[in-house]
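To start, the structure itself, in structure tokens.
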Amino acid sequence: MNMGGAIRAIISFLIFVVLHYTLRPLLGWRAPMDFLILALLLAAVRVRPSTAAVIGFILGLISDSLAPDALGAGALAMTTVGFGASYLKAVFFADNLVLNAFFFFLGKWVFDIMYFIVEQRVHGVELVQQLLLWSPLSAAVTAAVGVLLLFIMRPLLEPTPT
Amino acid sequence: VARAIRSNTRLDLIVLATCAVLALAARALPNTMRDPVATTMRRSFLAPLVLLQERSEKGRQSLLAADAKQARLDSLSLDAMKAGSLEAENERLRKVIGLGSRVRWGFVPAEALHGRGIRDETTVILSAGSRAGISRLSPVIAPEGLVGVVDQVDPTMSHAMLWTHPDFRVSAMSPDGTAFGIAQAHLTGATGGYLIELRGVPFRATLKPGALIVSSGWGGVWPRGIPVGTVLQEIKTTEGWARTYLLRPAVNPADVYSVMILRRDRLAKGLEGVWQSVAQADAAAQRIVVSGDSAARTAALAEAAARRAVLDSIARANGTPALGATDSTGAPRVVAPRPVPVRRPPPPDTTPRDTTRRDTVPRRDTISQRPGMTR
């Protein structure tokens, strides 16, 4: 990735982070989209797994700092998701919106599963309901929004032709 | 190449393990350490993001509350629109209650229901009927004066002819009884406004603008003393043997919503003094205001005269002409009241009581008794 592509990727990353703290609370949906996961996944497919893990760790700490009781849970989940996404980018990094949508869906769902299990705030039936109902819904919304943003931000995200 | 790949993979795994260990360590922190770490992050480099989130939350709350706020605003606007009419209605009801306390008995309060059709401005439906003691030709009055007369009676409601009706007539007079006439509606023109004509006033009787006209009590329908209107002007008619005056009606029928219907047995006792007491109260209040103004004026004149007297005294002491002497306007001078000499208390007597003072013998000052001398 050349310098121009890196700058565009960083700008896209920052846009997603800002959207996470503006559009998400503004909408206030019960199954919200997760722009941090989208940012992490879009960055992860462009960097090495170790870098993706560090990015995930930092993003996780950022999200955890707003919920101190879960400090560390988000960091661990995002580290894992970032590393996994970067490691599996050969599988998912394709110019196919459906594959990208599945990529986003899977990333968000895995993140939620790890997060709620490590957080240990929700137990029993409520945890099952969260992981099998609300998390997939949230992952679906995240995937839909991710695909929409990919479509909108295609000029920013496409690699520079050499 | 294979070694480099293996090395990179090993590095990735080391970084992953480090991040995971750090995350687990953060997760394992006790609350006393976890909160300061999170707080430090929120207050430092995450502060802009926290601010963005707070504003977004407020924006969402504002959006959610917008409908409720709009509903409250609409309710307040509606209440504000109703407030004026409610105040006016309260005022009318207070007047009706005041009239009821003066009439004391023999009346039925009723609501006047106006129609909106042709000729409906001359009639009205009343919410009291024969069951309440209403009969045909019962007078309908308002706190301001005459409204109309009942012409049809049902058990629970009645129909009244307002004074604006073309067939309505009432015998009227000036309160002192010097001028009599027959009052009837007077349509002022295409605008549809109504005044009252007082016809048949004897030629020798003249009424000044503003004079009150009341019902005379002749005819047996209307008791004496109900205000009909006030004189606006005399109008010229073809009748040369009598005068016709235009009156401003005491009651505007369009504003009548609460009225009183007088029962027939009340008419025999008359309504003397019911409206007169109101007029007397108004006149008394006016007199109080006028007398207050007079007292204030007198006090101001006295104060001005006292000041002038002091200035004159100073001028005389300085050997200059008195200020009043230079008054060339010829206006009568206000005589200043002479200041009352201040009686100072005598100095304390320090002489022992057992001694006789030399000045205990009263002196006779004869100087002041000399004729022509002033002190």
Side-chain angles (χ1 to χ4, degrees), chain A residues 14-29 32 35-36 39 44 47-87 89 114-115 117-121, chain B residues 1-70:
Chain A
L14 293 177
I15 288 174
F16 279 95
V17 172
V18 170
L19 283 177
H20 186 80
Y21 289 101
T22 53
L23 186 59
R24 187 176 190 249
L26 189 65
L27 296 175
W29 290 351
F35 290 101
L36 288 183
V47 295
R48 290 185 52 78
S50 58
T51 309
V54 172
I55 293 173
F57 178 74
I58 293 172
L59 279 181
L61 277 183
I62 288 175
S63 68
D64 287 344
S65 66
L66 298 178
D69 289 340
L71 188 69
L76 181 64
M78 281 211 177
T79 299
T80 308
V81 169
F83 184 86
S86 180
Y87 194 77
K89 62 187 172 188
M114 290 190 68
Y115 179 83
I117 289 175
V118 175
E119 186 195 22
Q120 295 180 339
R121 184 172 54 87
Chain B
V1 175
R3 184 179 299 172
I5 292 174
R6 278 201 300 274
S7 172
N8 287 337
T9 305
R10 190 177 302 147
L11 178 64
D12 291 340
L13 289 175
I14 290 172
V15 171
L16 171 66
T18 305
C19 290
V21 168
L22 287 176
L24 288 173
R27 187 77 194 100
L29 283 175
N31 288 334
T32 53
M33 295 181 66
R34 193 183 297 162
D35 290 340
V37 171
T39 304
T40 305
M41 292 172 66
R42 282 199 307 270
R43 290 180 181 175
S44 55
F45 64 94
L46 285 181
L49 294 179
V50 174
L51 186 66
L52 280 177
Q53 189 171 7
E54 283 179 0
R55 292 194 174 176
S56 297
E57 294 282 356
K58 286 181 182 174
R60 173 176 163 73
Q61 289 172 3
S62 298
L63 285 175
L64 291 177
D67 290 340
K69 282 182 182 175
Q70 188 62 42

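Every chain is numbered from 1 and lettered A, B, ... according to where its sequence line falls, protein lines coming before strand lines. None of the values given here were measured: they were computed from a predicted structure.
- The two residues P25(A) and E57(B) have their closest heavy-atom pair at CB-OE2, 3.5 Å.
- Between T9(B) and R48(A), the closest heavy-atom pair is N-NH2, 4.3 Å.
- The line from CG of L19(A) to CG of L52(B) is 10.5 Å long, rounded to the nearest 0.5 Å.
- Closest heavy-atom contact between Q53(B) and L66(A): OE1-CD1, 3.0 Å.
- In terms of non-hydrogen atom pairs under 4.5 Å with chain B, the most contact-rich of G82(A), A70(A), A53(A), S50(A) is S50(A).
- Atom CG in L46(B) sits 5.0 Å away from atom CD1 in I62(A) (nearest 0.5 Å).
- Looking only at distances, a side-chain donor or acceptor of R27(B) sits under 3.5 Å from a matching main-chain atom of E119(A).
- Ranked by non-hydrogen atom pairs under 4.5 Å with chain B, the options A73(A), S65(A), G56(A) are led by S65(A).
- Residues of residues 30-39 of chain B lying under 4.5 angstrom from chain A, judged on non-hydrogen atoms, are R34(B), D35(B), V37(B), A38(B) in numerical order.
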- Item | Criterion side chain to side chain contact (heavy atoms under 4.5 Å, CB included) on Y21(A) and L51(B), from CA distance to verdict | CA-CA 9 Å; Y21(A) 289 101; L51(B) 186 66; over 6 Å; no
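- The contact between L49(B) and chain A is made by backbone and side chain atoms together, counting heavy-atom distances below 4.5 Å.
- Contacts between L22(B) and chain A at a heavy-atom distance below 4.5 Å involve backbone atoms as well as side-chain atoms.
- Legend: residues meeting side-chain contact (heavy atoms from CB on, under 4.5 Å) with A75(A), ordered by chain and number and at least two apart, are F57(A), L61(A), D64(A), A23(B).
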